[in-house]
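Quick notes on the structure that follows.
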Amino acid sequence: MASALAAKMGFNSLIKKHAKYFKVKICTMESDMEFRCELKWKGKDLFDLVCRTLGLRETWFFGLRYDIKDTVAWLKMEKKVLDQEVPKEEPITFHFLAKFYPENAEEELVQDITQHLFFLQVKKKILEEEIHCPPEASVLLASYAVHAK
């Protein structure tokens, strides 16, 4: 009887400790992913999950950006996700983007996935005219893109 009571109490404590979750949507330049995150997760927990899913090891260039009111903000790694000013409706949408650009991409971007993610982001910013690209450089970049395909 005592062991049954102890087992039941152990089961009840497990039920009480059952973590609650929230849903997030991560948008990369080529796809969207959805994850279920624990309420206690910090930004780093979510960021690490995304990087593992992408197979990305050169993580220091990237971050998770979100839209808040009329501006954008970057998810802080050391704070809980839900303690930040993220939108509260689920799924919470984050954009996985390059946050820092290397001085010499050819030397500093080693992993193929890192190069690919950078290429897609820079291409989009050039096409949307957020980054100025001289015509000669545009032709050269276009030739690289055709050659890569």
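Since this is a predicted model, take the numbers as computed values, not measurements.
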Tell me whether the count of non-hydrogen atoms from other residues, nucleotides or ligands lying under 6.0 Å of [atom1] in [X] goes above 12.
X      : atom1 : value
Glu129 : CD    : no
Lys99  : NZ    : yes
Glu107 : CD    : no

Determine whether Glu30 and His116 satisfy the following criterion, side chain to side chain donor-acceptor pair (under 3.5 Å), listing intermediate values before the conclusion. CA-CA 10 Å; Glu30 58 187 357; His116 181 69; 2.9 Å; yes
Residues in ring-ring contact (aromatic ring centres under 6.0 Å, His included) with Phe22, at least two apart?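 Partners of Phe22 under the ring-ring contact (aromatic ring centres under 6.0 Å, His included) test: none.
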Answer whether the closest heavy-atom distance between the side chains of [X] and [Y] falls below 4.5 Å.
X      : Y      : answer
Phe61  : Pro102 : yes
His95  : Thr28  : no
Leu117 : Ile113 : yes

Determine the sole option in Phe100, Phe94, Phe118, Tyr101 for which the ring pair (Phe, Tyr, Trp, His ring centres under 6.0 Å) test with Phe62 is passed.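 Looking at Phe100, Phe94, Phe118, Tyr101, the match for Phe62 under the ring pair (Phe, Tyr, Trp, His ring centres under 6.0 Å) is Phe118.
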Grouping I, L, V, M, F, W and Y whenever their side-chain heavy atoms are under 4.5 Å apart, do Val86 and Val72 come out in a common cluster?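 In one cluster: no.
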Where do Leu64 and Phe96 land on the side chain to side chain contact (heavy atoms under 4.5 Å, CB included) test, with the steps shown first? CA-CA 5 Å; Leu64 293 171; Phe96 184 83; 3.8 Å; yes
Under a 4.0 Å N-O cut-off, is there an ion pair linking Glu78 with Lys76?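 Looking at Lys76 together with Glu78, the answer is no, because their closest N to O distance does not fall below 4.0 Å.
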Residues in side chain to side chain contact (heavy atoms under 4.5 Å, CB included) with Ile126, at least two apart?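 Side chain to side chain contact (heavy atoms under 4.5 Å, CB included) check on Ile126 returns Val122, Ile131, Cys133, Leu141.
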Could you walk me through whether Asp32 and Ile26 satisfy the side chain to side chain contact (heavy atoms under 4.5 Å, CB included) test, starting with their C-alpha distance in whole Å, then the side-chain angles of each, then the deciding distance to 0.1 Å, before giving a yes or no? CA-CA 6 Å; Asp32 295 345; Ile26 307 293; over 6 Å; no
Main-chain N/O of Lys20 paired with Glu38 side-chain donor or acceptor, under 3.5 Å: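 A pair under 3.5 Å: no.
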Not counting sequence neighbours, list each pair that qualifies as a side chain to side chain donor-acceptor pair (under 3.5 Å) and has a residue in residues 51-69.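 Every pair satisfying side chain to side chain donor-acceptor pair (under 3.5 Å) with a residue in residues 51-69: Glu58-Thr114.
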All pairs passing side chain to side chain donor-acceptor pair (under 3.5 Å) where residues 81-94 contributes a residue, at least two apart: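 As it turns out, there is no side chain to side chain donor-acceptor pair (under 3.5 Å) pair with a partner in residues 81-94 once direct neighbours are skipped.
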Give, for atom CD1 of Ile92 and atom SG of Cys37, the distance between the pair rounded to the nearest 0.5 Å.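 With rounding to 0.5 Å, CD1 (Ile92) is 8.0 Å from SG (Cys37).
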Working to the nearest 0.5 angstrom, can you tell me the gap between Glu34 CD and Cys27 SG?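 Rounded to the nearest 0.5 Å, the CD-SG separation comes to 9.0 Å.
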Under 4.5 Å between side-chain heavy atoms, chaining through other members, with only Ile, Leu, Val, Met, Phe, Trp and Tyr counted: pull out the rest of the cluster around Phe119, sorted by chain and number.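 Once heavy-atom contacts under 4.5 Å are chained together, Phe119 belongs with Met29, Trp74, Leu97, Leu120.
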Which heavy atom of Glu103 sits nearest a heavy atom of Glu108, and at what distance?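 Between these two residues, the closest heavy atoms are N-OE2, 3.4 Å.
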Donor-acceptor list for residues 43-51 side chains, cut-off 3.5 Å, not counting sequence neighbours:
unit_1: Lys44; atom_1: NZ; unit_2: Asp48; atom_2: OD1; d: 3.3
unit_1: Lys44; atom_1: NZ; unit_2: Asp48; atom_2: OD2; d: 3.2
unit_1: Asp45; atom_1: OD2; unit_2: Lys42; atom_2: N; d: 2.8

